[in-house]
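Throughout, numbering of the chain's residues begins at 1 and tracks the sequence.
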Amino acid sequence: MKTRQNTIQFNFIYIAPITVKLSQDRCDLDVKTNSRKHHTELFGEERLIVRRGQPFTVILTAFGPQSSGLTPLVSCVSAGPLPRKESDTKASFTLSDSTSETEWSASATSDPSRKTVSVSIASSPNAPIGLYSLEVDQDGQKTSLGQFILLFNAWCPGDAVHMRSETKRQEYVLAQHGQVYRGTHKRIKGSPWNFGQFEAGILDICLKILDDNPKFVSNADQDCSGRRNPVYVSRVLSAMINSNNDRGVLVGEWGEFSGGVHPGVWIGSGDILRQWAESGPVRYGQCWVFAAVACTVSRALGIPCRVVTNFGSAHDTDANLVIENLYDEDGKRISGGDSVWNFHVWVDSWMTRPDLGQEFDGWQTSDPTPQETSEGVFCCGPAPVKAIKEGELTKKYDAPFIFAEVNADVMDLVQLSNGEFVKFSGSTKSVGRFISTKAVGSDDRHDITHQYKYPEGSKEERQVYEKAQHHNKLQQRGIKLADNMIVGSDFEVFAVLTNNHMKARTCNFLFFARAVGYNGKLGDGCGFASDKVEVPSGEERRLSLKLDYDSYGAAITSDRLIQLSAITVDKQTIDFCKAEKTIVLDEPQLEIKLLGEATLNQKVAAELTLLNPLPEPLQDCSFTIEGVGLTDSKPITAEYVAGW
């Protein structure tokens, strides 16, 4: 099987009193030493596999004394079929005294005999992962020195997947065997699974999964650049482990298993991945198989990963955070989309979330089982486990769906003969029980429910649920104002609507403006705009309202106050949202200028200037001025009868 290649051209300048004539047979990639230092020796010694942000060494053999001058070597690194500096898939550098911890760099030393040169090459801790080739440009002649694969590095502090604990790195990156938990919350049973990420050929298949994903096919440059980010890679894997929108790894099936393998027969990922590489989507998988294969691929690529089982796992199809069980008057279940699974299995991957903030770093949940679409694709996550626990459902990706899996309420409803539904039972504690993963360093079950949610029935748990209910809907993000809103000017204001629902929503968007007094008494209307908008999941829409002086001038009082109200109505879900803001219009600036020098106990004249901002003349105006010790304790008024 051939794997697409990310080409590297590595150029360096080495100054030494020897002539280095390079060829591939004179370059030793020192696979054994580099693999040991990079924790990749389990892949074997057939080729060089290293982790990013950490130096590796190649040894060049030189021959013959140099008669005169210096031998220059110039270099650059590139990744992907269309490397570009703008995409961070191409970088140039020269040899330095030492390697850098933050960018591609190289340094070199020669042995005492001057017959070999050891070149230390350090990759950026943010470099895209993948297959690279190493080339040297010497006096205009390019020489290929071999290939290497670059992976994420949990041992590198600068890498987004860095883990501090060595025991956890051993478990979540290097361990090839694990436990997958199934059953019910009253009878939890662990089954062994062979992840086998270091088996021969598996890493190549994992890279092929990345190269076969639709994002690479549509824009290879952008996709290769995105592979520096474990959030991006995890989301791609969530989509590619199932085959619903592409030729992904596994076909999901929960009924008829003819023409394939029953999901319960699989005990490891290797056979599945090899079969996919040879002949396409593999029949069949269910949640624990999807998750275990995703764990294999993640660990192979260097992303710390664990398999997680949630007992009493909700599947909330309408994203209202409530599982609605519907019955007729005879007690028969009415088919509906919502359900609660005895158990459901997904993966957590360890990484930082610079897109969300440090408080959301750590474990991120991804679910490769095809249940609902996200951005039009059957994938789910990664969403921070911390965001799930705190009910922060606006955090990417797919937090509402995952929150419902572990914390939805259950409601039992009976449909009466007149069509009305009446609640007769329910539970707030049956979803999200005994959330389990394999313990670090042993085959014991580790309960991690506390990482996902507060104790059931606790004050904190109910508060988080109520907060999540508030967030998981169409939400008025507010009303945005213009910079300069002076009486007499025309200006524009905007109402902003965000859809935090899992699916697109269509609603009527209304925007009102009315004059109001300081005591809250509403006056006449002075502006209105409306629109019917469709808001995709996670996106926002704006509705503008232009306020002309011709409309508000006669309506406002001397308080110069206008009340803005934005209302959305989703008739399908009977969902209403409202945002309100009262604005005060600015007055024009009054300028005061002294005409002469101010002297104690002497009169001085002052000039008062006001620029009329209105599109009409001011009539019968006056200026009034007063100051302690300046106006004999009474105001001075100067009338300006003519209009201006």
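Under the salt bridge (Lys or Arg N to Asp or Glu O under 4.0 Å) criterion, Arg462 pairs with Asp409, sequence neighbours left out. Here Ser458 pairs with Tyr454, Pro455, Glu460, Glu461 under the side-chain contact (heavy atoms from CB on, under 4.5 Å) rule; sequence neighbours left out. A search for salt bridge (Lys or Arg N to Asp or Glu O under 4.0 Å) contacts involving Glu103 returns nothing, not counting sequence neighbours. Checked against salt bridge (Lys or Arg N to Asp or Glu O under 4.0 Å), Asp443 has no partners two or more places apart in sequence or in another chain. Not counting sequence neighbours, the partners of Asp355 by the side-chain contact (heavy atoms from CB on, under 4.5 Å) test are Arg353.
Salt bridge Arg542/Asp531: absent, no basic N to carboxylate O contact under 4.0 Å. Taking the charged nitrogens against the carboxylate oxygens, Lys168 and Glu171 have no contact shorter than 4.0 Å, which rules out a salt bridge.
For Glu101, the CD atom counts as loosely surrounded, since its 6.0 Å shell holds 12 or fewer non-hydrogen atoms of other residues, nucleotides or ligands. Counting heavy-atom neighbours within 6.0 Å of Gln222 CD, excluding the residue itself, gives a total of 12 or less.
Thr365 and Trp363 form no side-chain donor-acceptor contact under 3.5 Å, judged by distance and modelled atom types alone. Side chains of Tyr452 and Asn407: no donor on one and acceptor on the other come within 3.5 Å.
Although no hydrogens or angles enter the test, the distance criterion places a donor-acceptor pair under 3.5 Å between the side chain of Asp398 and the main chain of Gly381. Side-chain atoms of Gln170 never come within 3.5 Å of backbone atoms of Ser165 as a donor-acceptor pair (strictly under, hydrogens ignored). Panel note: side chain Lys395, backbone Pro384; no donor-acceptor pair is recorded below 3.5 Å. In this structure, the side chain of Ser124 engages the main chain of Asn126 through a donor-acceptor pair within 3.5 Å. Counting only distance, with no hydrogens or angles, the side chain of Asp444 and the backbone of Ala439 share no donor-acceptor pair below 3.5 Å. Checked by atom type and distance alone, the side chain of Asp338 pairs as donor or acceptor with a backbone atom of Thr317 at under 3.5 Å. With Gln364 contributing its side chain and Phe360 its backbone, the two residues share a donor-acceptor pair below 3.5 Å.
Between the CG atom of Leu237 and the CG atom of Asn213 there is a distance of 9.0 Å, given to the nearest 0.5 Å. Between atom CD1 of residue Ile448 and atom CG of residue Asn310 there is a gap of 9.5 Å, rounded to the nearest 0.5 Å. The distance from atom NZ of Lys186 to atom CZ of Arg433, rounded to the nearest 0.5 Å, is 7.5 Å. If you take CD1 on Ile435 and CG on Asp447, they are separated by 7.5 Å, rounding to the nearest 0.5 Å. Distance check: Leu151 CG to Ser123 OG gives 10.0 Å after rounding to the nearest 0.5 Å. Rounding to the nearest 0.5 Å gives a distance of 8.0 Å between CG of Asp316 and CD of Glu324.
Between Ser374 and Cys380, every side-chain heavy-atom pair lies at or beyond the 4.5 Å cut-off. Side chains of Trp276 and Asp212 form a contact here, defined as non-hydrogen atoms less than 4.5 Å apart. Here the side chains of Ile129 and Leu301 are in contact, with some heavy-atom distance below 4.5 Å.
Between Phe152 and Asn229, the shortest heavy-atom distance links the atoms CZ-C, 4.3 Å. Closest of all the heavy-atom pairs between Gly183 and Phe343 is O-CD2, 3.2 Å. Closest heavy-atom contact between Gly441 and Lys438: N-NZ, 4.1 Å. When every heavy atom of Asp367 is checked against every heavy atom of Val345, the shortest pair comes out as OD1-O, 4.0 Å. Between Ala160 and Arg52, the closest heavy-atom pair is N-NH2, 4.1 Å. Across Ala291 and Val347, no two heavy atoms sit closer than the pair O-CG1, 3.1 Å.
At least one test fails for Arg51 against the ring of Trp155: distance under 6.0 Å to the centre or angle within 45° of the axis. Within the cation-pi definition used here (under 6.0 Å to the ring centroid, within 45° of the axis), Arg541 does not qualify as a partner of Phe509.
Counting only residues at least two apart or on different chains, the side-chain hydrogen bond (donor to acceptor under 3.5 Å, both in side chains) pairs with a member in residues 285-301 are Ser269-Thr296.
Relative ring orientation between Phe434 and His185 is described as parallel, the plane-to-plane angle staying below 30° on a 0-90° scale split at 30° and 60°.
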Q. So Phe403 and Val464, side-chain contact (heavy atoms from CB on, under 4.5 Å) or not? Walk me through it.
A. CA-CA 10 Å; Phe403 178 88; Val464 167; 3.8 Å; yes
(Q) Test salt bridge (charged side-chain N to carboxylate O under 4.0 Å, His left out) on Lys215 and Asp246; report intermediate values, then the result. (A) CA-CA 11 Å; Lys215 293 183 178 181; Asp246 42 53; over 6 Å; no
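Aromatic pair His344/Phe311: ring centres not closer than 6.0 Å.
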